[in-house]
Amino acid sequence: TYYNTVVSAVNSTYFSKNSSYDATADHNKLDDNIQLSVGQNLTSCGWILDTANTIYTLQNNLSATGDCLVVQANNITIDLNGYNITGDDSGVEDYGIDVTGYNSTTIMNGGIYDFEYGIYFYDNSNNNITNITANSNHAGIIFFLSSNNTLTNITANNNGAGISFFSSSNNTLTNITTNNNADTGVSLSSSSNNTLQNIRANNNSYGIYLSSGSDNNNLTDVIANNNSYGIYLVSNSKNNYLIDGNYSGNTNKDVYLASI
């Protein structure tokens, strides 16, 4: 005999993936299952996020005197839930969110301020950053050896550098604002096959900066005004396409190809 069963969870958050199956003697199988991903609430910094397939959700603004959140598992979601993470602006090496060596991290819906590195990715792939503001850091969002990432609806203003990629390819950036950064708005170094669309990079030293063999990048609908250089390409970066952009009012050059 088979009965309907209700499972109740108290003081926890579960995110279910619907699964239907025929629970009869002829059809019941071990591979029939219902998948649940566990959620955890965050109320302070200093957490190591090391449970795979988990959604961590901020319940309030967080502040830190060192690193705030460190990801140490695959398929982690950090939902800032409209709150901010703020460092102490000390100038020492610290991280708002550090993702080193783990894949498929999602970071969304909030702000990160006053760290050496606002969000730091190293040696990973398939990450997703959505609806994030990373302002007033030394580096707003930075990628090393990190590819196949998606960034959507990002603001990175008043940093040393806004959004930076080093040896990181096949990334997609859409609806990005990087203004008033001391160095670069968006920079690609040894990073190829990236797609940048609807980018606003104004009042930086370099609006968009491509160097060190960053090839085959597509830049569509980029506005780069009132920088020292609007678009700066080092000559060993090849086959890059600028489509439907506006580059004007830049102090030195609107578009500049620098020799090496």
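FYI, the numbering just counts along the sequence from 1.
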With heavy-atom distances below 4.5 Å as the criterion, would you say the side chains of [X] and [Y] are in contact?
X	Y	answer
Thr177	Asn157	yes
Ile243	Leu219	no
Phe115	Ile85	yes
Asp254	Tyr256	no

Sidechain-backbone polar pair: [X] side chain, [Y] backbone, donor-acceptor under 3.5 Å:
X	Y	answer
Thr77	Ile55	no
Asn227	Asn250	no
Asn225	Ser248	yes
Asn137	Ile112	yes
Asn217	Asn194	yes
Thr155	Thr133	no
Asn127	Asn124	no
Gln59	Thr57	yes
Ser214	Ser190	yes
Ser191	Ser168	yes

Any side-chain donor paired with an acceptor under 3.5 Å for [X] and [Y]?
X	Y	answer
Asn128	Thr130	yes
Ser90	Asp88	yes
Asn149	Ser146	yes
Asn159	Asn181	yes
Ser259	Ser235	no
Asn126	Asn148	no
Asp221	Gln197	no
Asn179	Asn203	no
Asn239	Asp215	no
Asn81	Asn109	no

side-chain contact (heavy atoms from CB on, under 4.5 Å) partner of Val222, chosen from Leu242, Val186, Ile199, Asp244 | Ile199
Assess whether atom CZ of Phe144 is packed by more than 12 heavy atoms of other residues, nucleotides or ligands within 6.0 Å.
-> yes
Are [X] and [Y] connected in the hydrophobic side-chain network, where two residues link if heavy atoms are under 4.5 Å apart?
X	Y	result
Tyr83	Ile129	yes
Leu210	Tyr247	yes
Tyr117	Ile154	no
Trp47	Ile119	yes
Tyr95	Tyr102	no

Closest approach of [X] and [Y], non-hydrogen atoms and distance?
X	Y	result
Gln72	Ile48	OE1-CG2, 3.4 Å
Ala201	Gly207	CB-O, 3.6 Å
Glu116	His138	O-CB, 3.1 Å
Leu42	Tyr56	CD1-CB, 3.7 Å
Gly140	Ala134	O-CB, 3.8 Å

At what distance, to the nearest 0.5 angstrom, does CG of Asn75 lie from CG of Asn53?
-> 4.5 Å
With Phe143, the ring pair (Phe, Tyr, Trp, His ring centres under 6.0 Å) member among Phe166, Phe165, Tyr120 | Phe165
